[in-house]
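Let me begin by handing over the structure; questions about it come next.
Positions are given from 1, in the same order as the sequence printed here.
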Amino acid sequence: MKRTATVLAAVLLAAAGCSNSDSGGGSSSADTPGVTDTEIVVGTHMPLTGPAAAGYSKIAPATKAYFDYVNANGGVHGRKITYKIMDDGYNPANTQQVVRQLVLQDKVFAILNGLGTPTHSGVLDFLKTNRVPDLFVASGSRSWNQPDKYPGTFGFNPDYTVEGKILATHVKTEHAGKKVCFLGQDDDFGRDSLAGIEKVLGPVAAKQSYVTSNPNVGPQIGALKAAGCQVVMLATVPGFTALSIGTAAKIGFKPQFVVSNVGSDPTTLAKTLGAAAPLLEGVVAANYLPLVNDTANPWIQLYTKVNKEYNAGAEMDNNVVYGMSVAYLFVQSLQSAGKDLTRDGIIEAVKKGGFTGPGLVPTRYSATDHSGYGGEQLTVIEGGQAKWIGKPFRTDDGDGAVEVYEQPAVAPPANGIPAA
């Protein structure tokens with residue numbers, strides 16, 4: 001009886017070991033979920049519908065278009081990339097459902113560029129438990145930069161505190177002595193942004209928040225007007241940027257708006273505002289990728305070509321640029337990880353860092369830093385288009401200085417595909 005129990009225990013232990021390998025890093029491509037000799041399957045959750053769909057719904061199709069371009073040119077180490085895009089409507093409950101489907105049913109190799117602070121926060125533990133690489137989250141929350149707690153999660157956007165410090169430095173220089181106020185999303189997006197702003201400016205004169213389930217920001221904008229705000233800094237997704245600017249105009253409130261990169265694409269905002277699009281003139285924001293209207297930029301030329309050939313000629317905007325830049329970085333990571341692709345291997349490849357690409361400043365990836373880009377350059381909307389102000393800046397999410405970054409931008413490879 002003892003011998004039977006011992007054998008049974010050994011069998012169960014072996015089965016458990018096999019199960020862990022199937023759901024985890026694996027020692028070779030042969031036992032890595034989502035990877036075959038000819039294919040790599042990755043997935044994402046995106047707001048194709050719902051309160052954040054404006055603009056953001058264009059990101060994943062652009063990412064897929066770049067993958068299709070790479071696939072048409074031989075793929076990566078002989079494998080083609082399949083991108084499964086799931087709509088979560090920017091609803092955290094939906095996000096958990098679709099991510100579980102991608103991992104447990106579709107058995108994706110990794111989750112790539114899942115979008116949203118409130119949405120993605122709810123799947124961090126699930127992805128960690130299932131040892132699924134969680135790459136280049138589409139949000140600037142500092143939650144993605146916790147390498148000890150979430151070793152497989154990496155950001156992409158500059159974190160919102162870094163961005164807040166850079167935007168606030170501009171306000172401190174250009175609007176000295178003015179009453180500065182804040183409106184932000186009621187989650188880590190808003191809180192992290194405000195933390196960066198107040199590191200530079202000290203406490204703002206007034207602050208308000210919104211939730212994406214309530215599209216009425218009248219009370220908040222009214223309160224900022226009543227407080228005598230002269231500069232209003234927004235940590236808002238595009239729909240709420242447009243709502244805030246439009247609502248302010250309706251009540252005769254004309255502050256200087258300074259907006260987070262994630263809510264400032266001029267094409268998206270103009271479409272949302274319609275006839276009121278001229279209200280965008282003079283809005284200050286920032287970016288860390290080439291601007292879509294810079295047609296002389298080699299990255300924009302590459303992305304325009306890919307967009308035309310593989311994205312049904314969708315209207316080019318900064319969301320398309322963003323989606324293709326994410327795809328380019330993922331291909332770089334796959335090249336770096338090598339032909340024997342595993343989950344552990346891709347994580348180690350990203351941790352090594354050193355990637356060059358379309359960014360105006362470098363990424364910060366290392367064993368101890370899982371955040372994305374380390375800075376931004378200011379922009380202003382003139383004639384309906386974003387235009388650069390000054391030079392790029394870099395900083396950290398602590399008390400480090402906001403410093404000018406002087407290194408020149410890098411051009412893409414001749415064929416537009418990063419080499420191993």
Side-chain angles (χ1 to χ4, degrees), residues 115-122 124 137-150 153-176 178-212 217 220 223-224 227 229-237 240-241 244 255-264 284-288 361 363-364 368-378 392-403:
L115 189 144
T117 301
T119 49
H120 199 76
S121 297
L124 287 175
V137 183
S139 155
S141 171
R142 289 183 288 178
S143 297
W144 327 138
N145 184 21
Q146 300 185 75
D148 292 334
K149 186 175 182 180
Y150 298 112
T153 295
F154 296 83
F156 182 81
N157 307 26
D159 80 47
Y160 296 129
T161 302
V162 164
E163 178 180 67
K165 289 173 65 177
I166 291 171
L167 293 175
T169 298
H170 170 79
V171 170
K172 185 175 183 178
T173 301
E174 300 298 324
H175 300 282
K178 293 185 178 178
K179 186 173 284 190
V180 181
C181 302
F182 176 81
L183 170 63
Q185 195 158 292
D186 190 18
D187 56 27
D188 285 348
F189 173 19
R191 288 186 285 273
D192 287 358
S193 295
L194 182 60
I197 290 167
E198 293 192 330
K199 279 181 180 292
V200 174
L201 297 178
V204 295
K207 52 190 171 186
Q208 294 287 322
S209 64
Y210 72 90
V211 293
T212 58
V217 294
Q220 294 95 318
L224 296 179
C229 302
Q230 296 166 291
V231 177
V232 173
M233 305 186 74
L234 299 178
T236 45
V237 296
F240 280 82
T241 303
S244 300
Q256 170 66 60
F257 283 104
V258 178
V259 187
S260 167
N261 163 260
V262 300
S264 65
V284 170
N287 210 325
Y288 51 99
V361 297
T363 56
R364 305 196 308 192
T368 58
D369 194 333
H370 287 198
S371 60
Y373 280 99
E376 295 177 318
Q377 184 170 348
L378 292 158
F393 291 96
R394 282 200 303 181
T395 189
D396 58 22
D397 57 9
D399 296 323
V402 176
E403 299 176 330

Exercise for the section: Check whether any side-chain heavy atom of Y150 lies under 4.5 Å from a side-chain heavy atom of S143, and answer yes or no. Expected result: no
Exercise for the section: Look only at the side chain of H370 and the backbone of T153, and say whether a donor-acceptor pair between them is shorter than 3.5 Å. Expected result: yes
Exercise for the section: Please answer whether the main-chain N or O of A285 pairs with a side-chain N or O of S264 as donor and acceptor at a distance below 3.5 Å. Expected result: no
Exercise for the section: Flag the pair Y373 / V162 as yes when at least one side-chain heavy-atom distance between them is below 4.5 Å, and no otherwise. Expected result: no
Problem - Pairwise side-chain contact, L234 with Y210, heavy-atom cut-off 4.5 Å (strictly under) - result: no
Fill in the blank from the handout: Between E376 and A286 the two heavy atoms that sit nearest each other are OE1-CB, 3.4 Å
Exercise for the section: Answer yes or no: is there an ion pair linking D159 with R142, defined by an N-O contact shorter than 4.0 Å? Expected result: no
Handout entry: Derivation and outcome, side-chain contact (heavy atoms from CB on, under 4.5 Å), residues T161 and K199
Key = CA-CA 9 Å; T161 302; K199 279 181 180 292; 4.2 Å; yes
Fill in the blank from the handout: Interatomic distance, CZ@F189 vs CG@L194, rounded to 0.5 Å, equals 12.0 Å
Problem - Heavy-atom check, side chain of L167 versus side chain of I197, under 4.5 Å - result: no
Exercise for the section: Test M233 against V204 for side-chain contact (heavy atoms from CB on, under 4.5 Å), laying out the working first. Expected result: CA-CA 10 Å; M233 305 186 74; V204 295; 5.8 Å; no
Exercise for the section: Give a yes or no answer on whether the side chain of E163 reaches the backbone of N261 with a donor-acceptor pair at less than 3.5 Å. Expected result: yes
Problem - Nearest heavy atoms of C181 and L224, plus distance in Å - result: CB-CD2, 3.9 Å
Fill in the blank from the handout: Note: A168 and V200 closest approach over all heavy atoms is CB-CB, 3.7 Å
Handout entry: Inter-residue atom distance I166.CD1 - Y288.OH, 0.5 Å rounding
Key = 12.0 Å
Problem - Student check: side-chain heavy atoms of R364 and D396 closer than 4.5 Å - result: yes
Fill in the blank from the handout: To the nearest 0.5 Å, atom CD of Q256 lies from atom CD of Q230 at 11.5 Å
Handout entry: From CA spacing to verdict: side-chain contact (heavy atoms from CB on, under 4.5 Å), F182, E198
Key = CA-CA 10 Å; F182 176 81; E198 293 192 330; over 6 Å; no
Handout entry: Interatomic distance, Q208 atom CD to D186 atom CG [nearest 0.5 angstrom]
Key = 11.0 Å
Problem - Approximate separation, where rounding is to 0.5 Å, of F156 CZ and S371 OG - result: 12.5 Å
Exercise for the section: Please report the closest heavy-atom contact between N157 and S139, naming both atoms and the distance. Expected result: OD1-N, 3.6 Å
Handout entry: Ionic contact status for D397 with K165, cut-off 4.0 Å
Key = no
Practice task
Fit a plane to each ring of H175 and H170, take the angle between them on a 0 to 90° scale, and name the class: parallel (under 30°), tilted (30 to 60°) or perpendicular (over 60°).
Solution key: perpendicular
Fill in the blank from the handout: Closest non-hydrogen atoms of A206 and A227, given as atom of the first, atom of the second and distance, are CB-CB, 3.9 Å
Exercise for the section: Check whether any side-chain N or O of Q377 sits under 3.5 Å from a backbone N or O of N287 as a donor-acceptor pair, and report yes or no. Expected result: no
Practice task
Flag the pair L183 / F240 as yes when at least one side-chain heavy-atom distance between them is below 4.5 Å, and no otherwise.
Solution key: no
Exercise for the section: Name all residues meeting the salt bridge (charged side-chain N to carboxylate O under 4.0 Å, His left out) criterion together with D188; count only those two or more places apart in sequence or in a different chain, and write none if there are none. Expected result: R191
Exercise for the section: Evaluate the criterion side-chain contact (heavy atoms from CB on, under 4.5 Å) for residue pair Y160 and S260; output intermediate values, then yes/no. Expected result: CA-CA 8 Å; Y160 296 129; S260 167; 4.3 Å; yes
Handout entry: Close side-chain approach of Q185 and T212, heavy atoms under 4.5 Å
Key = yes
Practice task
Decide yes or no for V361 and F393: does some side-chain heavy atom of the first lie under 4.5 Å from some side-chain heavy atom of the second?
Solution key: no
